[in-house]
Amino acid sequence: MATRTGRALGPRADHVRHDWTQAEVAALFALPFPELMYRAQSIHRANFDPAEVQISTLLSIKTGGCPEDCAYCPQSAQYSTGVKAEKLMSVDAVLAEARAAKNAGASRFCMGAAWREPKDRDLELVCAMVEGVRALGLESCATLGMLQPAQAARLKAAGLDYYNHNLDTSPEFYGEIISTRVYQDRLDTLAAVRNAGINVCCGGIVGMGESDGDRAGLIAALASLPRHPESVPINMLVQVAGTPLSDAAKLDPLDFVRTIAVARITMPRAVVRLSAGREDMSDETQALCFLAGANSIFCGPKLLTTPNPGRDRDMRLLDRLGLKPMT
Ligand code: SAM
Ligand code: DTB
Ligand code: SF4
């Protein structure tokens with residue numbers, strides 16, 4: 001068996017497990033930092049070119065006014081965060097943004113909507129957006145909330161490449177963060193997406209006041225899915241004034257790096273995204289994340305509603321590190 005870059009895989013790198021226990025994952029987190037990084041890098045190199053970073057662009061196609069109560073989220077209508085509720089963007093306006101993203105070098109265009117779940121008439125418009133994005137030669141991704149199997153099938157028919165739906169945290173901590181839907185709802189949506197033949201993008205958020213054990217629980221839940229997500233976004237909480245988590249204790253950046261490394265080790269073939277939270281991260285922390293096996297970022301000055309490093313800072317960083325966009 002060889003990787004996409006033609007190198008042979010060692011026996012350990014070739015073995016993908018789906019039965020990770022929380023205790024086993026916690027033991028990885030507890031390794032001495034050099035040992036953890038060595039293992040993560042070995043597995044990264046056996047499966048990917050470590051100089052390549054996948055670049056995605058994110059657009060909020062429907063902002064704010066969401067009925068859910070996710071404690072981290074500036075778009076929940078239940079918190080006063082200053083985010084205005086807007087209508088779904090027009091197909092033309094979305095495609096103009098997709099064209100700009102393509103010209104700026106993105107390979108994937110992700111469309112996010114602040115919905116609990118899409119209504120059928122809105123889904124038709126999103127399907128038209130997906131068709132347009134693909135016609136530009138970009139990979140398409142959408143994150144629209146919970147999906148029924150028939151809705152996933154419609155998105156697949158429109159050509160959707162990836163669907164993002166996060167587990168967010170461990171099953172045990174989940175109830176502290178969201179009360180308007182349960183963990184099983186998330187697993188059901190992931191199964192609907194998988195069964196429709198769409199690639200799964202699924203990860204979580206750290207820095208929400210969870211314990212070390214909860215971070216292990218999140219990774220164990222992701223790595224125990226029947227098939228690993230193709231893409232695993234690891235978000236550092238972006239603290240937004242007005243949300244219940246605006247004053248959460250800050251996570252040690254090295255614990256964030258550990259989370260990336262453990263995701264890389266347990267899900268060897270997944271593209272691991274160093275997702276939200278880069279705006280407040282030093283270049284050195286981001287460099288450690290790439291060493292730990294992260295190989296994807298969002299580029300562009302805004303995530304959905306919060307700032308992201310500008311293109312210039314990112315291009316300088318990739319340049320300083322000798323990293324290049326994955327094509
Ligand atoms: N409404 C849909 C949903 O929740 O499934 C899609 C959009 S939602 C904003 C997508 C993901 O963004 C959430 O699951 C969460 O992991 C992440 N996210 C939201 N707010 C965040 C924040 N303040 N910091 C870090 N990640 C955040
Ligand atoms: C994901 O895991 N992170 C992205 C994407 N999926 C949609 C969203 C991050 C949002 C950060 C808060 C905001 O900008 O509103
Ligand atoms: Fe709504 Fe998604 Fe934000 Fe939760 S994370 S409040 S579902 S937009």
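Everything quoted here is computed from the prediction, not taken from an experiment. Read the numbers this way: they start at 1 and go in the same order the structure lists the ligands and their atoms. Residue indices begin at 1 and follow the sequence shown.
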Mutual orientation of the aromatic rings belonging to Y174 and Y183 [parallel < 30°, tilted 30-60°, perpendicular > 60°]: perpendicular

Would you check if T57 and R108 make a side-chain contact, meaning some heavy-atom pair closer than 4.5 Å? no

Just to be sure I understand the site: which N, O or S atoms from the protein are less than 2.8 Å away from atom 1 (Fe) of ligand 3? C66 SG

Look at atom 14 (O) of ligand 1 and say which protein heavy atom is nearest, naming residue and atom and giving the distance to 0.1 Å. D168 OD1, 3.2 Å

Using a 4.0 Å heavy-atom cut-off, say whether R181 meets ligand 3 through its side chain, its backbone, both or neither. side chain

I'd like to know if K119 pairs up with E124 as an ion pair, taking the criterion as any Lys NZ or Arg NE/NH1/NH2 lying under 4.0 Å from an Asp or Glu carboxylate oxygen. no

Test the R278-F298 pair against the cation-pi criterion, namely NZ or CZ under 6.0 angstrom from the six-membered ring centroid and within 45° of the ring axis. no

Report all N/O contacts between ligand 2 and the protein shorter than 3.5 Å as a table of atom names and distances to 0.1 Å; if there are none, say 'none'.
| from | atom 1 | to | atom 2 | distance (Å) |
| --- | --- | --- | --- | --- |
| ligand 2 | 2 (O) | N166 | ND2 | 2.9 |
| ligand 2 | 2 (O) | N235 | ND2 | 2.9 |
| ligand 2 | 3 (N) | N235 | OD1 | 3.0 |
| ligand 2 | 3 (N) | S275 | OG | 3.4 |
| ligand 2 | 6 (N) | N164 | OD1 | 3.2 |
| ligand 2 | 14 (O) | L304 | N | 3.0 |
| ligand 2 | 14 (O) | T305 | N | 2.9 |
| ligand 2 | 14 (O) | T306 | N | 3.0 |
| ligand 2 | 14 (O) | T306 | OG1 | 2.8 |
| ligand 2 | 15 (O) | T305 | N | 3.2 |
| ligand 2 | 15 (O) | T305 | OG1 | 2.7 |

Protein non-hydrogen atom found under 4.0 Å from atom 7 (S) of ligand 3: yes

Distance under 4.0 Å to a non-hydrogen atom of H165: what atoms of ligand 1 satisfy this? 5 (O)

Considering heavy atoms of the protein only, find what lies nearest to atom 12 (O) of ligand 1 and give residue, atom and distance to 0.1 Å. N166 ND2, 4.5 Å

If you scan protein heavy atoms around atom 9 (C) of ligand 1, the nearest is L304 CD1, 3.4 Å

Ligand 1 contacted by G145 (non-hydrogen, < 4.0 Å): yes

Sub-3.5 Å donor-acceptor pair from the side chain of R116 to the main-chain atoms of E68, do we have one? no

What atoms of ligand 1 come within less than 4.0 Å of a heavy atom belonging to A113? 1 (N), 2 (C), 6 (C), 7 (C)

Sub-3.5 Å donor-acceptor pair from the side chain of K102 to the main-chain atoms of A104, do we have one? no

How close does the nearest protein non-hydrogen atom get to atom 6 (C) of ligand 1, and which residue and atom is it? T143 OG1, 3.1 Å

With heavy-atom distances below 4.5 Å as the criterion, would you say the side chains of Y163 and L144 are in contact? yes

Below 4.5 Å, heavy atoms only, C-beta onward: do R45 and P50 meet side chain to side chain? yes

Looking only at non-hydrogen atoms, find the nearest pair between G64 and A114 and report the distance. N-CB, 3.6 Å

Taking 4.0 angstrom as the limit and counting only heavy atoms of W115, give me the atoms of ligand 1 inside it, by number and element. 1 (N), 2 (C)

Tell me yes or no: between the side chains of N199 and E139, is some donor less than 3.5 Å from an acceptor? no

If you define the side chain from C-beta out and look only at heavy atoms, does anything of K87 sit under 4.5 Å from K62? no

One finds that the ligand 1 atoms under 4.0 Å from a non-hydrogen atom of M236 are 25 (C)

Locate the shortest heavy-atom distance separating N295 from E52; write the atom from each residue and the value. CB-O, 3.6 Å

Residue, atom name and distance, where the atom is the protein heavy atom closest to atom 20 (N) of ligand 1: Y72 CD1, 3.3 Å

For K250 versus Q239, what's the shortest heavy-atom pair and its separation? NZ-OE1, 3.1 Å

Main-chain N/O of C73 paired to S76 side chain as donor or acceptor, under 3.5 Å: no

Out of V238, V240, T305, the nearest non-hydrogen contact to atom 24 (N) of ligand 1 is supplied by V238

Quick test: of every protein heavy atom, which one is nearest to atom 17 (C) of ligand 1, and how far off is it to 0.1 Å? I205 CD1, 4.1 Å

Is it true that D252 and R258 make a salt bridge, defined as a side-chain N closer than 4.0 Å to a carboxylate O? no

All heavy atoms of G112 vs all of L304, minimum pair found to be CA-CD2, 4.1 Å

For atom 4 (O) of ligand 1, find the nearest protein heavy atom and state the residue, atom name and distance (0.1 Å precision). R181 NH2, 3.9 Å

Partner of D168 under salt bridge (charged side-chain N to carboxylate O under 4.0 Å, His left out), chosen from R186, R181, R215: R186

